[in-house]
Amino acid sequence: MTERLADLHDDVGEILLDEATISAKVQELGSRISADYAGQQLTLVSVLKGSLPFMADLMRAIEIPVRIDLMEVSSYGGTATESSGLVRILKDLSASIADEHVLIVEDIIDTGLTLNYLIRYLRGKAPATLRICTLLDKPARRLVEIPVDYRGFTIPDQFVVGYGLDYGELYRNLRYVGVLKPEVYTEVAVG
Amino acid sequence: MAGFAHASEAEMSRILDFYAVRWEYEPHTFPILWNLEGDVVESFSPDFYLPDLDLYLELTTLRQKLVRKKNRKLRRLRELYPDLNIKLFYARDFRALMLKYGKLALFDGLSGTSGQVSQPALAATTREPTLDVDPVPAAAPSATAQARSARSAGRRPPVRSAGTKPSAT
């Protein structure tokens with residue numbers, strides 16, 4: 001079990017996006033969003049847990065008034081999977097988004113399955129508009145094509161951690177996005 | 001009622017169910033080679049059809065060097081049915097999916113096999129997960145449109161399958 005932050009760094013084989021690169025991109029996205037939604041009431045919906053750091057930085061890079069809300073859905077393979085076999089809303093929005101302009105803030109889009117579900121769910125709440133902002137886009141294994149309105153980085157087909165992204169609930173607090181060494185998860189699978 | 005041919009297909013069906021994506025198991029068979037008499041001598045039946053996405057999905061957990069035959073058939077399929085929306089999941093893709101969902105050990109028990117289930121096959125036909133909101137509209141032409149496209153190009157439309165798995169896929 002990795003216990004120290006230094007050990008977490010050792011598990012990363014390559015830094016894909018360093019702190020400065022991420023910060024510059026977040027500022028750029030914030031500026032674009034501020035311009036696009038100028039004069040409108042915008043609600044940012046963060047999808048827990050992975051998008052927390054991105055949400056925290058992005059909302060401060062946006063220069064118009066915004067409301068924020070949080071959602072969490074169960075992931076396949078998690079403990080909720082075994083009991084129901086269906087995705088569950090673990091935390092729903094705390095306020096109505098009817099007739100609001102809503103921007104979903106995601107850490108990464110991979111297969112698109114989770115986001116596809118969320119889009120359908122949130123459309124049922126009748127927002128005025130519903131758009132997508134993701135820090136990372138990994139299109140290699142995309143099953144559901146999602147129209148992404150704001151994209152930070154398109155990344156290669158590698159298992160990445162850091163800046164909110166986890167493996168086994170660890171590595172979220174790394175300030176960069178890095179590629180996890182294969183032996184880290186191979187050892188776990190074998191062990 | 002047909003069963004899945006491989007445990008990876010059963011696992012994919014559970015993933016699709018989990019995320020409320022409707023799927024059909026091998027609903028269409030596409031002829032890809034005919035003899036001089038016009039009889040179909042080779043066909044391709046993608047594992048899944050996702051009607052809301054108008055997407056066919058083919059899984060293979062075979063080792064990469066054994067995938068050549070499947071790749072050849074897929075190229076032929078795309079030549080004959082260019083409007084067909086199909087995605088091939090290789091072993092490495094399925095492994096990455098299992099890693100993402102914390103089920104890598106499951107993959108390691110499947111990889112490189114001839115594609116047969118080692119456990120009792122799950123029942124498989126068509127599933128419609130429940131969802132209390134409107135589904136996302138399909139962004140691509142429907143399967144019917146694909147069939148029409150194939151006909152208009154002088155090719156034969158996909159053959160309806162009764163849920164059986166052609167041995168060549």
Side-chain angles (χ1 to χ4, degrees), chain A residues 50 73-89 108-127 130 138-147 156-161 165-169 180 182 184-191, chain B residues 10-23 46-59 85-111 122 127-140:
Chain A
V73 299
S74 61
S75 175
Y76 184 76
T79 52
T81 307
E82 311 303 333
S83 58
S84 70
L86 291 172
V87 65
R88 284 188 177 282
I89 304 291
I108 186 168
I109 303 177
D110 187 1
T111 61
L113 288 169
T114 303
L115 194 50
N116 176 58
Y117 179 86
L118 267 177
I119 289 170
R120 289 188 290 173
Y121 181 78
L122 291 178
R123 276 188 183 153
K125 294 178 178 288
L130 184 62
K138 188 158 71 171
R141 257 183 309 282
R142 186 67 41 80
L143 280 177
V144 185
E145 291 304 326
I146 304 283
D157 185 15
Q158 293 173 304
F159 194 86
V160 292
V161 294
L165 294 154
D166 78 307
Y167 174 67
E169 292 296 330
L180 196 62
V184 175
Y185 44 81
T186 304
E187 283 171 7
V188 172
V190 171
Chain B
E11 184 66 16
M12 179 57 80
S13 77
R14 286 191 287 269
I15 294 172
L16 294 171
D17 279 346
F18 185 80
Y19 289 104
V21 175
R22 291 194 304 146
W23 55 269
D47 295 321
F48 291 96
Y49 177 61
L50 315 182
D52 294 328
L53 308 173
D54 194 24
L55 173 69
Y56 288 91
L57 186 59
E58 175 70 13
L59 305 181
N85 191 15
I86 183 165
K87 189 164 185 73
L88 179 62
F89 256 51
Y90 293 103
R92 61 172 181 265
D93 298 318
F94 193 72
R95 185 176 194 274
L97 205 60
M98 291 299 97
L99 172 61
K100 172 187 169 78
Y101 295 131
K103 293 192 162 195
L104 199 55
L106 173 66
F107 172 84
D108 290 337
L110 301 175
S111 179
L122 297 177
R127 294 292 299 271
E128 292 198 29
T130 56
L131 190 69
D132 58 356
V133 293
D134 293 334
V136 177

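Each chain gets a letter, A, B and so on, in the order its sequence line appears, and its residues count up from 1.
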Next on the checklist: With a 4.5 angstrom heavy-atom cut-off, is it the side chain or the backbone of B/L57 that approaches chain A, or both, or neither?
Outcome noted: side chain

Item to check | Note, A/D157 side chain near B/D93 side chain (heavy atom, < 4.5 Å) | outcome: yes

Item to check | Smallest separation among heavy atoms of A/R142 and B/K87, with atom names | outcome: O-CE, 2.9 Å

Checklist entry - For the atom pair CZ (B/R95) and OH (A/Y185), what is the distance rounded to the nearest 0.5 Å? => result 6.0 Å

Checklist entry - Is the backbone of A/Y76 close enough, under 3.5 Å, to the side chain of B/Y19 for a donor and an acceptor to pair up by distance? => result yes

Checklist outcome for this item: Here the gap from A/L113 atom CG to B/L97 atom CG, rounded to the nearest 0.5 Å, amounts to 7.5 Å

Checklist outcome for this item: CG (A/L143) and CG (B/L53) are apart, to the nearest 0.5 Å, by 8.0 Å

Next on the checklist: Would the distance check show the side chain of A/R141 and the main-chain N or O of B/F94 forming a donor-acceptor pair, the cut-off being under 3.5 Å?
Outcome noted: no

Item to check | Top of A/V73, A/T114, A/T111 for chain B proximity - count of heavy-atom pairs under 4.5 angstrom | outcome: A/T114

Item to check | Between B/L50, B/L55, B/L99, the one whose heavy-atom pairs under 4.5 Å with chain A are most numerous | outcome: B/L99

Next on the checklist: Just verifying a value: how many Å separate A/L86 CG and B/R14 CZ, rounded to the nearest 0.5 Å?
Outcome noted: 13.5 Å

Checklist entry - In Å, rounded to the nearest 0.5 Å, how long is the span from OG of A/S74 to CZ of B/F18? => result 3.5 Å

Item to check | B/I15 versus chain A, the contacting section by heavy-atom distance below 4.5 Å | outcome: both

